[in-house]
Asker: 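Take a look at the following structure, please.
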Amino acid sequence: QLQFVESGGGLVQPGGSLRLSCAASGFTFDAYAIAWFRQAPGKEREGVSCISSSAGSTNYADSVKGRFTISRDNAKNTVYLQMNSLKPEDTAIYYCAAGYESPTALDVQAMCNSLKYEFAYWGQGTQVTVSS
């Protein structure tokens, strides 16, 4: 049974921190790149961060660079997004998504930078609200 479950969202004051988790089961987790997306009310979904299957490549949107850190533990089939120095504009529903990464891919960093994966699996989303 395929599952992809986010957790860790909540209400936090500006300047605070949260750590989101995305736990997967039912597919070969370490063959997939994982990305975090977010969608705020009235706005389009945007890519936040990406990590390649081996964690050798990562990428961040300019808006979160230096504040967010993506990581993964393939032994636990889990990916994390550590979010520090949160701002009100980070308020959104955050989703994780998995895209298959071919072992013969030539430029994994470029793929992560441009989110050039077919994201077949999506989590249900977790709400992050940054407000005083």
Side-chain angles (χ1 to χ4, degrees):
Q1 181 180 357
L2 192 149
Q3 284 192 310
F4 208 25
V5 181
E6 298 104 335
S7 61
L11 172 64
V12 64
Q13 292 187 341
S17 298
L18 285 173
R19 188 175 83 153
L20 305 184
S21 299
C22 189
S25 61
F27 65 97
T28 309
F29 183 75
D30 60 5
Y32 285 73
I34 306 294
W36 286 94
F37 294 83
R38 67 185 181 186
Q39 188 163 21
K43 294 189 176 181
E44 291 188 356
R45 186 178 65 199
E46 65 169 332
V48 175
S49 184
C50 172
I51 188 166
S52 63
S53 62
S54 67
S57 298
T58 59
N59 186 56
Y60 300 90
D62 288 343
S63 58
V64 307
K65 205 168 289 184
R67 300 187 297 121
F68 290 11
T69 303
I70 192 169
S71 61
R72 65 188 295 162
D73 185 339
N74 284 347
K76 295 182 178 179
N77 284 7
T78 302
V79 65
Y80 305 97
L81 187 68
Q82 178 67 43
M83 306 187 297
N84 299 328
S85 303
L86 283 161
K87 305 175 180 180
E89 51 263 43
D90 294 318
T91 295
I93 299 175
Y94 284 70
Y95 302 88
C96 56
Y100 178 70
E101 186 178 282
S102 169
T104 61
L106 294 178
D107 193 340
V108 172
Q109 184 64 64
M111 292 178 67
C112 219
N113 290 348
S114 58
L115 298 177
K116 285 291 188 184
Y117 296 96
E118 185 174 335
F119 290 101
Y121 306 129
W122 289 80
Q124 83 288 353
T126 185
Q127 176 71 49
V128 171
T129 302
V130 185
S131 175
S132 55

Asker: Residues two or more places apart in sequence or in another chain: which of them pass side-chain hydrogen bond (donor to acceptor under 3.5 Å, both in side chains) with Ser131?
Answerer: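 side-chain hydrogen bond (donor to acceptor under 3.5 Å, both in side chains) list for Ser131, sorted by chain: empty.
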Asker: Using the test side chain to side chain contact (heavy atoms under 4.5 Å, CB included), find all partners of Ala23 that sit at least two apart in sequence or belong to another chain.
Answerer: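 Partners of Ala23 under the side chain to side chain contact (heavy atoms under 4.5 Å, CB included) test: Thr78.
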Asker: Quick one: closest heavy-atom pair of Tyr94 and Val48, and the distance?
Answerer: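 Minimum heavy-atom contact is CE2-CG2, 4.3 Å.
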Asker: Can a donor-acceptor pair be found, under 3.5 Å and without considering hydrogens, that links the side chain of Gln39 to the backbone of Lys43?
Answerer: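 Pair found, side chain donor or acceptor close to backbone of Lys43.
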Asker: Going by side-chain hydrogen bond (donor to acceptor under 3.5 Å, both in side chains), name the residues that satisfy it together with Ser52, two or more places apart in sequence or in a different chain.
Answerer: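 Checked Ser52 against side-chain hydrogen bond (donor to acceptor under 3.5 Å, both in side chains); zero matches.
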Asker: Within the side chain of Thr91, is there an N or O that forms a donor-acceptor pair under 3.5 Å with the backbone of Val130?
Answerer: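 Between the backbone of Val130 and the side chain of Thr91 there is a qualifying donor-acceptor contact (under 3.5 Å).
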Asker: Can you list the other members of the hydrophobic cluster that holds Tyr117, where links are side-chain heavy atoms under 4.5 angstrom apart?
Answerer: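 The other cluster members (ILVMFWY side chains, heavy atoms under 4.5 Å, direct or chained) are Phe37, Ile93, Tyr95, Val108, Met111, Leu115, Phe119, Trp122.
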Asker: Any donor-acceptor pair under 3.5 Å linking the side chain of Glu6 with the backbone of Cys96?
Answerer: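 Confirmed, Glu6 side chain pairs with Cys96 backbone.
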Asker: Can you give each donor-acceptor pair under 3.5 Å made by side-chain atoms of residues 60-68, sequence neighbours left out, with the distance rounded to 0.1 Å?
Answerer:
| unit_1 | atom_1 | unit_2 | atom_2 | d |
| --- | --- | --- | --- | --- |
| Tyr60 | OH | Ile70 | N | 2.8 |
| Asp62 | OD1 | Lys65 | NZ | 3.1 |
| Ser63 | OG | Arg38 | NH2 | 3.4 |
| Arg67 | NH1 | Ser85 | O | 3.0 |
| Arg67 | NH1 | Asp90 | OD2 | 2.7 |
| Arg67 | NH2 | Ser63 | O | 2.8 |
| Arg67 | NH2 | Asp90 | OD1 | 3.0 |
| Arg67 | NH2 | Asp90 | OD2 | 3.4 |

Asker: Looking only at heavy atoms, what is the nearest atom pair of Ala31 and Tyr100, with distance?
Answerer: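 What the structure gives for the nearest pair is O-CD1, 3.5 Å.
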Asker: With sequence neighbours left out, what residues match Leu18 under side chain to side chain contact (heavy atoms under 4.5 Å, CB included)?
Answerer: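 Partners of Leu18 by the side chain to side chain contact (heavy atoms under 4.5 Å, CB included) criterion, ordered by chain and then number, come out as Val12, Met83, Leu86, Val128.
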Asker: List the atom of Leu81, the atom of Trp36, and the distance in Å for their closest heavy-atom pair.
Answerer: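 What the structure gives for the nearest pair is CB-NE1, 3.6 Å.
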Asker: Taking side-chain hydrogen bond (donor to acceptor under 3.5 Å, both in side chains) as the definition, give me every residue that meets it alongside Thr28, ordered by chain and number, with sequence neighbours left out.
Answerer: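 By the side-chain hydrogen bond (donor to acceptor under 3.5 Å, both in side chains) rule, Thr28 matches no residue at all.
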Asker: Taking only residues two or more places apart in sequence, or in another chain, which ones meet Ser102 in a side-chain hydrogen bond (donor to acceptor under 3.5 Å, both in side chains)?
Answerer: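 Thr104.
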Asker: Roughly how far, to the nearest 0.5 Å, is SG of Cys22 from CD of Gln124?
Answerer: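 If we round to the nearest 0.5 Å, Gln124:CD and Cys22:SG are 8.0 Å apart.
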Asker: What are the two closest non-hydrogen atoms of Ser57 and Cys112, and how far apart are they?
Answerer: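 The pair with the smallest heavy-atom distance is O-SG, 4.1 Å.
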Asker: Listed by chain and number, what are the side chain to side chain contact (heavy atoms under 4.5 Å, CB included) partners of Ala98, not counting sequence neighbours?
Answerer: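 Side chain to side chain contact (heavy atoms under 4.5 Å, CB included) list for Ala98, sorted by chain: Phe4, Phe27, Tyr32, Ile34, Tyr121.
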Asker: Any salt bridge (charged side-chain N to carboxylate O under 4.0 Å, His left out) pairs touching residues 100-123, not counting sequence neighbours?
Answerer: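 Every pair satisfying salt bridge (charged side-chain N to carboxylate O under 4.0 Å, His left out) with a residue in residues 100-123: there are none.
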Asker: Would you mind listing every side-chain hydrogen bond (donor to acceptor under 3.5 Å, both in side chains) that reaches into residues 12-23, with sequence neighbours excluded?
Answerer: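 Residue pairs with at least one partner in residues 12-23: Ser17-Asn84.
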Asker: In chain order, what residues pass the side chain to side chain contact (heavy atoms under 4.5 Å, CB included) check against Ala120, with sequence neighbours excluded?
Answerer: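 Listed in chain order: nothing, the list is empty.
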Asker: Kindly give the heavy-atom pair with the smallest separation between Asn74 and Phe29, and that separation in Å.
Answerer: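 What the structure gives for the nearest pair is OD1-CE2, 3.2 Å.
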